There are 2 protein chains.
Amino acid sequence: MSDRRTQILDAAATLISERGFTSTSVDDVIKGAKLSGKSHFYHYFKSKEELGYEVLNRQFERFAERGLAILREPMIDPLERLNLFIDAVVALQSESGGRRGSPFGNLAAELADAHEGFRVRIEAVFERWASQIRSLLWEARPQLHDDVDAVRLSRFIIAALEGAVLMTRVKRDLSVLEGIAADLKRFIAMHVRDSAAMQLHRNVEDAGSLPHGIARHLSVSSVAV
Amino acid sequence: MSDRRTQILDAAATLISERGFTSTSVDDVIKGAKLSGKSHFYHYFKSKEELGYEVLNRQFERFAERGLAILREPMIDPLERLNLFIDAVVALQSESGGRRGSPFGNLAAELADAHEGFRVRIEAVFERWASQIRSLLWEARPQLHDDVDAVRLSRFIIAALEGAVLMTRVKRDLSVLEGIAADLKRFIAMHVRDSAAMQLHRNVEDAGSLPHGIARHLSVSSVAV
DNA sequence: TGTGTATTGGACCGTACGGTCCTAATTTTA
DNA sequence: TAAAATTAGGACCGTACGGTCCAATACACA
């Protein structure tokens with residue numbers, strides 16, 4: 001709504017993703033959003049906690065715009081979309097030069113044990129994410145082996161990506177994420193019925209190739225704007 | 001060394017793994033270790049930061065005792081050891097009932113961007129961990145495909161486990177970790193030459209189309225103990 | 001014109017934090 | 001027994017935190 005509100009939310013999102021929630025003070029946010037003082041801030045948010053919740057929601061919506069939209073894209077083969085989604089996560093991480101991980105993963109690690117309110121909300125975010133992947137896998141079920149467990153696989157994908165982002169941040173090396181992303185694609189391909197997919201396990205480094213005559217070589221940048 | 005020192009370290013380790021480093025105050029540690037006052041604490045540690053570093057090292061050594069020792073065990077087949085190692089991570093997590101993740105992953109997420117001193121030390125921990133896995137993979141190379149990239153695979157394993165622990169913590173559901181661990185074993189099995197392993201991936205008929213003459217029809221459970 | 005809402009600015013409060021200093025009693029060890 | 005290290009206890013300091021309260025000004029819209 002209010003222009004100021006989004007301004008505060010934006011500043012807070014940046015700060016929180018850089019230093020975490022606990023280490024981001026209200027005064028920092030005020031400075032970041034160029035407010036006049038505390039009363040100005042508390043005019044829009046009743047507490048720091050509430051600010052955190054809204055940032056989390058907003059962060060998710062942003063991510064949804066960029067990442068989850070790919071998963072829903074109806075014109076592209078579902079499994080190809082999954083690869084593009086993974087590429088998008090890599091691209092997103094590239095923007096911060098390997099620093100600053102998934103905003104959810106960060107908050108999860110910081111607050112999951114300490115703050116039930118955040119834990120529940122983060123859980124919901126992961127769940128929405130996972131369910132999006134599950135429905136994609138359901139859509140792709142003719143291409144997949146019968147016994148593919150969509151719940152498990154979707155969790156695996158998220159866990160691998162979150163873990164990859166974390167390690168990338170620690171090592172300050174983007175190639176870590178790229179390598180894991182490629183391996184993850186191979187793992188997904190392992191579940192594909194047509195063994196054409198199995199092939200990419202060797203020689204094909206660009207694991208984008210999938211069966212069913214799907215378009216290849218789409219550039220990441222064309223998707224992850 | 002001193003009995004008190006280890007007592008402080010233990011108390012701090014527990015608190016930090018529960019609430020994170022930033023949210024653990026020196027007073028909390030003093031209370032936890034039943035010290036008389038601050039001067040008593042500062043008699044042993046020159047700062048909270050130094051305490052944190054020592055806790056990190058100690059945490060690693062503990063983990064090494066339990067987890068990494070398995071990776072080195074000379075009497076067991078290397079790939080089997082890898083599976084046992086994964087089981088050990090799951091078991092470790094079970095003890096805290098799904099709460100409290102990998103102490104390294106937690107600290108990594110909390111401090112990687114904010115505190116260079118910790119970042120470097122955590123990176124070193126991951127590196128020691130990864131190198132242990134790499135040397136295991138080197139030992140197992142006769143069983144693996146020629147093109148297996150040990151660096152990449154070791155990173156993938158760590159990332160998947162860290163991500164899994166994180167998600168388990170968020171969902172407060174240990175079965176998440178168990179599922180991911182099982183999938184991770186399948187992923188590793190994918191790199192095995194004689195496909196004792198490969199097969200988890202079921203009734204693929206067209207044997208000829210796959211490279212390296214992979215055999216089929218072995219049960220997953222025979223591999224994934 | 002008037003009424004509400006947004007904005008500014010600052011004083012203030014209680015609490016917690018990391019850290020220092022000082023004194024004195026107790027235990028260890030040479 | 002004397003010196004050295006450990007334990008104890010508390011006062012204190014500067015800073016930062018989340019949050020409240022208040023008074024005054026700007027600006028919208030009806």
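By convention in this document, chain letters (A, B, ...) are assigned in the order of the sequence lines, proteins followed by strands, and residues within each chain are numbered from 1. Since the structure is predicted, the reported quantities are computational estimates derived from the model, not experimental observations.
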Query raised in the report: Looking only at side-chain N and O atoms, does Lys48(A) come under 4.0 Å of OP1 or OP2 in dG18(D)?
Result: yes
Requested in this report: Look at the side-chain N and O atoms of Ser25(A) and state whether any lies under 4.0 Å from the OP1 or OP2 oxygen of dC17(D).
Outcome: yes
Query raised in the report: Contact class for Ser47(B) (heavy atom, under 4.0 Å): base, sugar-phosphate, or nothing?
Result: sugar-phosphate
Query raised in the report: Given atom OH of Tyr42(B) and atom P of dG19(C), what is their separation to the nearest angstrom?
Result: 4 Å
Query raised in the report: Whole Å only: how far is the NE2 atom of His40(B) from the C1' atom of dT6(D)?
Result: 7 Å
Query raised in the report: For the side chain of Val26(A), counting heavy atoms from C-beta on, which of dG9(C), dG18(D), dT20(C) is nearest?
Result: dG18(D)
**Report entry** Selected nucleotide, minimal atom distance to Ser39(B) side chain, candidates dT20(D), dC21(D), dC21(C)
**Finding:** dC21(C)
Query raised in the report: Are Asp27(B) and Ser25(B) close enough that a side-chain donor and a side-chain acceptor fall under 3.5 Å?
Result: no
Query raised in the report: Does Arg72(B) make a cation-pi contact with Phe85(B), if we ask for NZ or CZ under 6.0 Å from the ring centre and within 45° of the axis?
Result: no
Report summary line: Between CD1 of Ile8(B) and P of dT6(D) the distance, given in whole Å, is 12 Å
Query raised in the report: Taking atom P of dG18(C) as reference, at what distance in whole Å does atom CZ of Phe41(B) sit?
Result: 9 Å
Report summary line: Taken to the nearest whole Å, NZ/Lys34(A) to P/dT8(C) is 13 Å
Query - By ring-ring contact (aromatic ring centres under 6.0 Å, His included) - contacts of Phe118(A) (at least two apart) - result: Phe21(A), Tyr53(A), His115(A)
Query raised in the report: Are any non-hydrogen side-chain atoms of Leu9(A) and Leu51(A) less than 4.5 angstrom apart?
Result: yes
Requested in this report: Map Ser23(A) and Lys46(A) onto DNA chain D by nearest heavy atom, then report which one ends up closer to the 5' terminus.
Outcome: Ser23(A)
Query raised in the report: Under 4.0 Å between a side-chain N/O of Arg5(B) and OP1 or OP2 of dA5(D), yes or no?
Result: no
Query raised in the report: Checking all strands, does Thr22(B) fall into the base, sugar-phosphate, or nothing category for heavy-atom contacts under 4.0 angstrom?
Result: nothing
Query raised in the report: How long is the line joining CG of Asp27(A) and P of dG19(D), in whole Å?
Result: 11 Å
Query raised in the report: Rounded to whole angstrom units, what separation is found between the CD atom of Glu49(A) and the C1' atom of dG18(D)?
Result: 12 Å
